[in-house]
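Bear in mind that the values here come from a model prediction, so they are computed numbers and not experimental data.
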2 protein chains.
Amino acid sequence: MYTFKGKEYPCCASLTMGMIGGKWKTVILFHLRNGKLRYNELRKEMPTVTERTLSLQLKTLEEDGIIKRTVYTSKPPLKVEYSLTDFGQTLMPVVTSIAEWGVYAVENHAD
Amino acid sequence: MYTFKGKEYPCCASLTMGMIGGKWKTVILFHLRNGKLRYNELRKEMPTVTERTLSLQLKTLEEDGIIKRTVYTSKPPLKVEYSLTDFGQTLMPVVTSIAEWGVYAVENHAD
DNA sequence: CCGTATCCTGGAGGATACTG
DNA sequence: CAGTATCCTCCAGGATACGG
């Protein structure tokens, strides 16, 4: 049994999935792999996610210390950038591994 | 846009998550990393999953060609073993990466 | 530009009882 | 031993409209 951030997980694998699982978190992290992105830039990369869901997932990732949100202007139009924290960087090998297998599967096991 | 097994994914990362996402699939695959296990052996490793859910997840993994189910006896008590397919083996680097990060997080970022 | 507010739905997963 | 069969709950995520 593993405990992390006040939650219990029955396996080390489920702990990780608790942090990056769900439909969108790995996609967000994948798009942040090369540096910061603005909210609308993320939306552009992920055309099929709704605003509400993107917003919620970003907030969860921020609360978990995986990404950080930086606001550059105080008056509208706001400029906000999202980027990986140092802790979030430690997840990059996992995210990369996940992304690479997706490419591998499409290229070698297409139907 | 990526297409795999008749489903569409907006990102290579979401394709992989479509195959191994959810609460239990990575846990099952993690426990099968060293070889075959019987149904009740899996249950022993995963005491908090319900029978129905375990059964459903195993069936999904089998349908996706990731694990294979082998029946050794025709009369009760049945002997059934689950193991990775060759295709499932290609997921092991991903599963290992996920599992190792879980251990890393607990050891280095505990609260 | 960067979100939040509301309302809603589908399906993942749980509890429990039963079967070949 | 290895599951199914039912029934049920809960919440991630979607649709859409509006706000700082």
How close or far is atom P of dG3(C) from atom NZ of K44(A), stated in whole angstroms?
17 Å
Taking NZ in K5(B) as the centre, count heavy atoms belonging to other residues, nucleotides or ligands within less than 6.0 Å. Is the count above 12?
yes
Just the rounded figure in Å: distance from C1' of dC1(C) to CG of L54(A).
13 Å
Between the protein and nucleotides 1-5 of chain D, which nitrogen or oxygen pairs come in under 3.5 angstrom?
{"from": "dC1(D)", "atom 1": "O3'", "to": "R38(B)", "atom 2": "NH2", "distance (Å)": "3.0"}
{"from": "dC1(D)", "atom 1": "O3'", "to": "L78(B)", "atom 2": "O", "distance (Å)": "3.0"}
{"from": "dA2(D)", "atom 1": "OP1", "to": "R38(B)", "atom 2": "NE", "distance (Å)": "2.7"}
{"from": "dA2(D)", "atom 1": "OP1", "to": "R38(B)", "atom 2": "NH2", "distance (Å)": "2.8"}
{"from": "dA2(D)", "atom 1": "OP1", "to": "V80(B)", "atom 2": "N", "distance (Å)": "3.4"}
{"from": "dA2(D)", "atom 1": "OP2", "to": "N40(B)", "atom 2": "N", "distance (Å)": "3.3"}
{"from": "dG3(D)", "atom 1": "OP1", "to": "R69(B)", "atom 2": "NE", "distance (Å)": "2.9"}
{"from": "dG3(D)", "atom 1": "OP1", "to": "R69(B)", "atom 2": "NH2", "distance (Å)": "2.6"}
{"from": "dG3(D)", "atom 1": "OP1", "to": "Y82(B)", "atom 2": "OH", "distance (Å)": "3.3"}
{"from": "dG3(D)", "atom 1": "OP2", "to": "Y82(B)", "atom 2": "OH", "distance (Å)": "2.7"}
{"from": "dG3(D)", "atom 1": "N7", "to": "E51(B)", "atom 2": "OE1", "distance (Å)": "2.5"}
{"from": "dT4(D)", "atom 1": "OP1", "to": "K59(B)", "atom 2": "NZ", "distance (Å)": "3.1"}
{"from": "dT4(D)", "atom 1": "OP2", "to": "S55(B)", "atom 2": "OG", "distance (Å)": "2.8"}

Distance check needed: dA12(C) P versus I20(B) CD1, whole Å only.
16 Å
So for atom OH, which belongs to Y2(A), do other residues, nucleotides or ligands contribute more than 12 heavy atoms lying within a distance under 6.0 Å?
no
How long is the line joining CZ of R43(A) and C1' of dA15(D), in whole Å?
12 Å
Where do F87(B) and W101(A) land on the ring-ring contact (aromatic ring centres under 6.0 Å, His included) test, with the steps shown first?
CA-CA 11 Å; F87(B) 181 52; W101(A) 189 87; 5.5 Å; yes
With no hydrogens and no angle check, is any side-chain donor or acceptor of Q89(A) less than 3.5 Å from a backbone partner on D86(A)?
no
Between T53(A) and dG14(D), is there a contact of a side-chain N or O with OP1 or OP2 at under 4.0 Å?
yes
Using a cut-off of strictly less than 4.0 Å, decide whether K75(A) has a side-chain nitrogen or oxygen near OP1 or OP2 of dC1(C).
no
Length of the line joining Q57(B):CD and dG14(C):C1', which is rounded to integer Å
12 Å
For atom CG of L42(A) and atom P of dC2(C), their distance in whole Å
10 Å
For F4(A) together with H109(B), are the ring centres under 6.0 Å from each other?
no
Length of the line joining M46(A):CE and dC2(C):C1', which is rounded to integer Å:
15 Å
Hey, is K68(A) close enough to E62(A) for a salt bridge, meaning N to O under 4.0 Å?
no
